[in-house]
Amino acid sequence: MLKRARDLHFAGQSELADGKLTTAEATFRAALAEYDKILPKPAERWATLHELGRCLRNQSKLDDAMMCLREALAIHRSSGPDNAANTATTLYTLSRCLMKKDSWSEAA
């Protein structure tokens with residue numbers, strides 16, 4: 001299951017890079033479904049949530065994007081200070097969604 005989740009994650013990244021947003025979204029969601037079969041859920045699940053959030057943002061599905069990004073942030077924050085770079089990257093992506101929604105005070 002973990003290998004399948006990782007393979008789907010990397011396939012989704014490739015599709016996202018190629019601009020195949022609908023396909024990438026479906027692939028990232030399939031990867032998350034695989035991660036969800038594993039207990040406890042792997043911390044690396046954050047990366048798929050982050051990439052799905054980016055994909056959704058690029059499709060202007062901002063509420064769904066922010067939900068994914070906030071879940072990724074929760075995983076980062078529970079992982080401790082060693083995850084600061086990933087936390088910053090996800091915060092940046094979340095702030096871009098908030099700016100698109102004209103939620104400037106929350107984005108700051």
Side-chain angles (χ1 to χ4, degrees):
M1 283 181 268
L2 185 57
K3 182 181 180 335
R4 174 103 172 110
R6 288 175 177 159
D7 289 347
L8 286 165
H9 172 86
F10 292 125
Q13 283 183 310
S14 177
E15 293 161 352
L16 181 59
D18 289 342
K20 300 174 183 174
L21 301 179
T22 304
T23 305
E25 178 184 349
T27 303
F28 287 130
R29 289 188 188 281
L32 287 173
E34 290 297 316
Y35 279 125
D36 288 344
K37 294 176 186 176
I38 303 167
L39 294 175
K41 291 180 184 170
E44 68 189 66
R45 184 176 181 272
W46 77 266
T48 302
L49 286 163
H50 176 88
E51 294 297 325
L52 177 57
R54 288 182 55 227
C55 182
L56 293 166
R57 183 200 67 212
N58 291 347
Q59 296 177 77
S60 296
K61 298 178 180 180
L62 300 177
D63 290 329
D64 290 340
M66 290 187 303
M67 185 172 54
C68 290
L69 294 166
R70 286 184 171 123
E71 190 175 344
L73 279 174
I75 294 169
H76 294 321
R77 289 179 173 149
S78 69
S79 299
D82 291 341
N83 221 0
N86 294 331
T87 300
T89 301
T90 301
L91 280 170
Y92 172 75
T93 305
L94 178 59
S95 70
R96 291 187 62 197
C97 290
L98 290 164
M99 288 186 287
K100 272 187 152 182
K101 288 189 70 149
D102 289 328
S103 296
W104 292 96
S105 61
E106 191 178 355

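Index from 1, following the sequence.
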Q: What's the separation between atom CD in Glu51 and atom CG in Leu56, rounded to the nearest 0.5 Å?
A: 11.5 Å
Q: Measuring from His9:NE2 to Asp7:CG, what's the distance to the nearest 0.5 Å?
A: 11.0 Å
Q: Taking only distance into account, with no hydrogens and no angle test, what donor-acceptor pairs under 3.5 Å do side-chain atoms of residues 25-35 form with protein atoms, sequence neighbours excluded?
A:
residue	atom	partner	partner atom	Å
Glu25	OE1	Gln59	NE2	3.2
Glu25	OE1	Lys61	NZ	2.9
Glu25	OE2	Arg29	NE	3.1
Glu25	OE2	Arg29	NH2	3.2
Thr27	OG1	Glu15	OE1	2.6
Thr27	OG1	Glu15	OE2	3.4
Thr27	OG1	Thr23	O	2.9
Glu34	OE2	Lys37	NZ	3.0
Tyr35	OH	Glu44	OE2	3.1

Q: Write down the atom of Ile75, the atom of Ala43, and the distance for their closest heavy-atom approach.
A: CG2-O, 3.5 Å
Q: Check Ala24 against Gly12 and note the closest heavy-atom contact, atom names and distance.
A: CB-O, 3.7 Å
Q: How far apart are the closest heavy atoms of Cys68 and Leu49, and which atoms are they?
A: CB-O, 3.5 Å
Q: First locate atom CG of Leu91, then atom NE2 of His76, and finally report the distance between them rounded to the nearest 0.5 Å.
A: 8.0 Å
Q: Just jot down the side-chain contact (heavy atoms from CB on, under 4.5 Å) partners of Asn58, sequence neighbours excluded, or say none.
A: Leu16, Leu21
Q: Taking only residues two or more places apart in sequence or in another chain, which ones pass salt bridge (Lys or Arg N to Asp or Glu O under 4.0 Å) with Lys100?
A: none
Q: Could you state the interatomic distance from CG (Leu94) to CZ (Arg54), rounded to the nearest 0.5 Å?
A: 14.0 Å
Q: Are Trp46 and Leu69 connected in a single hydrophobic cluster, I mean Ile/Leu/Val/Met/Phe/Trp/Tyr linked by side-chain heavy atoms less than 4.5 Å apart?
A: no
Q: With rounding to the nearest 0.5 Å, note down the distance linking OG1 in Thr93 to CG in Leu98.
A: 11.0 Å
Q: Tell me every residue that passes side-chain contact (heavy atoms from CB on, under 4.5 Å) with Asp102, counting only those two or more places apart in sequence or in another chain.
A: Trp104
Q: Any side-chain donor-acceptor pair under 3.5 Å between Thr89 and His50?
A: no
Q: Would you say Thr90's side chain and Thr87's backbone share a donor-acceptor pair under 3.5 angstrom?
A: no
Q: Applying side chain to side chain donor-acceptor pair (under 3.5 Å), can you list everything that pairs with Asp18, at least two apart in sequence or on another chain?
A: none
Q: Test: salt bridge (Lys or Arg N to Asp or Glu O under 4.0 Å). Region: residues 65-79. Which pairs qualify, not counting sequence neighbours?
A: Arg45-Glu71, Arg70-Glu106
